[in-house]
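Please read the structure below before turning to the comments.
Computation of the quantities below employed the complete heavy-atom set of this structure, encompassing side-chain atoms and omitting hydrogens, waters and symmetry-equivalent molecules. Throughout, residue positions are numbered sequentially from 1 according to the sequence presented. What you are looking at is a predicted structure, and each value in this text was computed from that prediction instead of being measured.
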Amino acid sequence: MAPSFVHLALLTLFTNGIYAYSTNYTSQLLSSGTVNLGEWQSAYDEAKTFVEGLTTAEKISLITGSDVGNFSALNFKDSGASILDYFYVTTWPVGSALAMTWDKNLAYTQHKALGSEFRNKGLQVINGPVSQPLGRTPWGGRNAESFGPDSYLNGIFFGQAVRAMNDAGVITGAKHFLLNEQENNRTVSSGGGGGGSPPDGGMGGGPSSNGTSMSGGPSGASNSTSMGGGPGGDSDSSSSTSLAYSSNADDKTIHETYLWPFYDGVKQGLGAVMCALNRVNETYSCENQALLAGLLKTELGFPGFVFGDVGGQKTAFGSANAGMDYASSSTWSNSTMNAGLNNGSLTEARLNDMAIRNVLPSYKLNQQDGSFPSKAEEEDLRDARKNHRQLARQVAASSLAVLKNNGALPLKSPRSMAIFGVHAGAPIAGPSHELAVTGSDDVYQGHAADIGGSGTGSFTYLVTPHYALTTRAMDDGTQLRWIMNDTGYSASSSTGATGSMASFSTGTGASQTYEGYAADMDVCLVFLNAYSGEGADRGQLYDADQDKMVTEVASECNNTVVVINASGPRLVDQWIENENVTALVYGGMLGQESGHAIVDVLYGDVNPSGKLAYTIAKNESDYNVGLCDTAVCTYSEGNYIDYKYFDKYNVTPRYEFGFGLSYTSFSFSDSVTIEKTNASALASPFATGAKGIGGKADMWDTVAKAAVSVKNTGKVAGAETAQLYLGFPAAAGQPVRQLRGFEKLRLEPGREKEVEFELRRRDLSVWDVAAQDWKIVKGTYTFWVGASSRDLKASGTMVV
């Protein structure tokens, strides 16, 4: 198949990293007929009629955020798991925590509820959901906001979020487009300087050989000469102008890993996209025609509008011709835009397209019919929460994964219990905190239930583990004591003596030390967190003080249960094999009901069913991609991130992608039943359908089905997530196996159920760089179904 002119231009960009701006990129114009608008057509017709009646000045007002005629300007607000700065809203589990539920219905339900709160507050556009950063590097500061590093899992949850919030009547402003995978050097301030970051470990080869435990930073050598350290300190090697980092990735990697989830979002009705602050192949994302006009608007058929992250727009006409549709009136002033129209820097057709795209999603969701609520002020007593407290608790509990359990859990009314760690209790002030997009320490000094920066939750209240355990202890008659500190505790008496006592003493007079309070307890609960957010990346994937606390508690308590809430992978190898560490409960940032959800799982009120949405390694050096502190960040690892890298190079993880235990047990049938549901489609290497919303229409057709049976072989009801992994023919040049389906089953003891996976044409396709199209490669496809990416229970093959 011969590539089109547009695809030749894209191929040139991804090969050479160069693209010249053009005012004639007509394929991005909705009026060009490039994309079949389908169910968007009637809203387009309405938008087109409205824009045809506007003057040039009114069109410019429209694309810079003003009321025009009977069209009310749109109100935007962060974040993906709450409503930033607002009173009387719910703070939900963040994206990475939600992904650990592996539950499509909960993904939809949470986002539908979140969307309803935005609508209730009179906010038409949510700056979310977040697909990226995917999590190319586990040190990424904002990884917690998204749905994880697997493009398929990320895409399914991303699509569910878009559909749900559309159904609530809110425009989704998805972010960040594209390859925005770290905070370090994403923005550059004049003067440079700042502390350096660990070097980029993206070598694209085998695992590092210097990986002893807990090295203090990403392993591997820098992929280019250092350009000056922390934010503000890098510079482009070809220019004296200081630039944000450039993510340089090849065409195949962009399509198969980073662009993949946006197909799902666009297909499900994505109304707006936020272009990122970084550069892609050395052109700023918000000025990059190949990304915005080419990939997003032409290839994916995106019909909505593009707006920039704060500071993303660099020039008036570079951004407009690249594909930005909504921006600042200071950059797109009347005088500037009229001058551009007069001298040919901007075409009238493109201005019309920008205006149409700005109103189109609002018309599609009937936001302009007079029924949309007026905008509430941040402190107004307009309660948007309804019954969302119970749902938030359900989602949070469903996301928690039990990674180790030597019979310690569930707890059964213990006689005595000791709690350790700052993460167990409330911060000194809070729970909501001032928005500061400057990063933070790796450990939050209090119970970490959300993240920093624009993803910060607006807590009406926060349930801490200490509070939830106290109420449980009251009901059970449990003797309870605690030290909510990660670095030890100095006891003091009325005589002024300080320091640890020589012996533990007895009864309630025990020494207030880790060892003293752990001695003779039925169970010791140690709470750890790993915190991050917008503005800075993580400095380490462990914490020495926390790890020492665990080992000190375990030295005196033979039933030590560790609970971790983390913004990404948190290493546990300093203590996980200690025989006195009897259980590990692991989760993301769980929102306002965090403490309740943790206690629900600890006591078995909820049978844990969460699964990891990323890999937890044994050592930092086992990860192949670290942070980049140079002007150009080369994605030389290609598609091999997270479990795809671990599988390719046979690196043994501590806990693999998709892993999680239950309080019951499950069995799978021995083989996978496979059926070709559209043999004629499979016989054609390339899709032949018309290009519509989400790409070629037949890319979304079901072409095969796979099925297995799952049985609850234990004594209590529980849920298991059956995961389908696909191995491509060798000629396709793909990872060993890739997730291509998952279904969560809830089963009573002894019950068995068949689970069926539908595979779309796109699920069996790879990106053909020469043809610039998705291709089904002939050969043998292997299907595995199991309980994780490495616990594979059944298999089967299909020949194409």
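- Tested against R142 for a side chain to side chain donor-acceptor pair (under 3.5 Å), the candidates S96, S532, S454 yield a single pass: S454.
- Across every non-hydrogen atom of L84 and G453, the tightest pair is CD1-O, 4.4 Å.
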Evaluate S788 against E656 for side-chain hydrogen bond (donor to acceptor under 3.5 Å, both in side chains), listing each step before the verdict.
CA-CA 7 Å; S788 76; E656 71 270 18; 2.6 Å; yes

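- Counting heavy atoms from C-beta outward, K548 and D486 have side chains that stay 4.5 Å or more apart.
- Taking the side chain as every heavy atom from C-beta outward, R389 and T90 never approach each other to under 4.5 Å.
- Expressed to the nearest 0.5 Å, how far CG of L134 lies from CG of N143 amounts to 9.0 Å.
- Between F527 and I598 the shortest heavy-atom distance is CE2-CG2, 4.2 Å.
- Between S458 and S82, the shortest heavy-atom distance links the atoms N-OG, 3.1 Å.
- The local environment of CD in Q390 is crowded, with over 12 non-hydrogen atoms from other residues, nucleotides or ligands closer than 6.0 Å.
- No side-chain heavy atom of V585 sits under 4.5 Å from any side-chain heavy atom of P608.
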Could you walk me through whether E181 and T137 pass the side chain to side chain contact (heavy atoms under 4.5 Å, CB included) check?
CA-CA 7 Å; E181 289 296 316; T137 171; 5.5 Å; no

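- Note that CG of N578 and OG of S555 are 8.5 Å apart. Values are rounded to the nearest 0.5 Å.
- A salt bridge does not link R538 with D442: none of the charged nitrogens is closer than 4.0 Å to a carboxylate oxygen.
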Go through the steps for Y640 and Y645 under the test ring-ring contact (aromatic ring centres under 6.0 Å, His included), then give the verdict.
CA-CA 5 Å; Y640 294 94; Y645 166 80; 8.2 Å; no

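- Using a 4.0 Å cut-off between charged nitrogen and carboxylate oxygen, E637 and K644 do not count as a salt-bridge pair.
- Inter-residue side-chain proximity for T551 and V553 is flagged as unmet; no heavy-atom pair is nearer than 4.5 Å.
- Judged purely by distance below 3.5 Å, without hydrogens or angles, the side chains of N154 and S131 pair a donor atom with an acceptor atom.
- Taking the ring centre of Y603 as origin, the terminal cationic atom of R472 falls inside the region bounded by 6.0 Å and 45° from the ring axis.
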Going through the checks in order, is the side chain to side chain contact (heavy atoms under 4.5 Å, CB included) test met by T652 and K618?
CA-CA 8 Å; T652 302; K618 293 185 175 182; 4.1 Å; yes

I'd like to know whether Q540 forms a side-chain hydrogen bond (donor to acceptor under 3.5 Å, both in side chains) with R570, so could you lay out the CA-CA distance, the side-chain angles of the two residues, the decisive distance to 0.1 Å, and finally the verdict.
CA-CA 9 Å; Q540 55 194 10; R570 202 283 188 195; over 6 Å; no

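- In plain terms, the two heavy atoms of P133 and S146 that are nearest each other are O-OG, 2.5 Å.
- Ion pairing between D476 and R415 fails under the 4.0 Å rule for side-chain N and carboxylate O.
- For the atom pair CG of N580 and CG of N558, the computed distance is 5.5 Å after rounding to the nearest 0.5 Å.
- Using a 4.0 Å cut-off between charged side-chain N and carboxylate O, D605 and R393 make no salt bridge.
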Let's go through Q592 and Y461 carefully: what are the C-alpha distance in whole Å and the side-chain angles of both, what is the deciding distance for side-chain hydrogen bond (donor to acceptor under 3.5 Å, both in side chains) to 0.1 Å, and is it a yes or a no?
CA-CA 6 Å; Q592 66 185 41; Y461 61 85; 3.0 Å; yes

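- Using a 4.0 Å cut-off between charged side-chain N and carboxylate O, K611 and E720 make a salt bridge.
- Residues I616 and Y586 meet the side-chain proximity criterion, which asks for heavy atoms closer than 4.5 Å.
- Between Y643 and F657, the gap from one ring centroid to the other is short of 6.0 Å.
- Residues H596 and V463 approach most closely at N-CG1, 3.6 Å, considering heavy atoms.
- Taking every heavy atom of both residues into account, V550 and V581 meet most closely at CG1-CG2, 4.1 Å.
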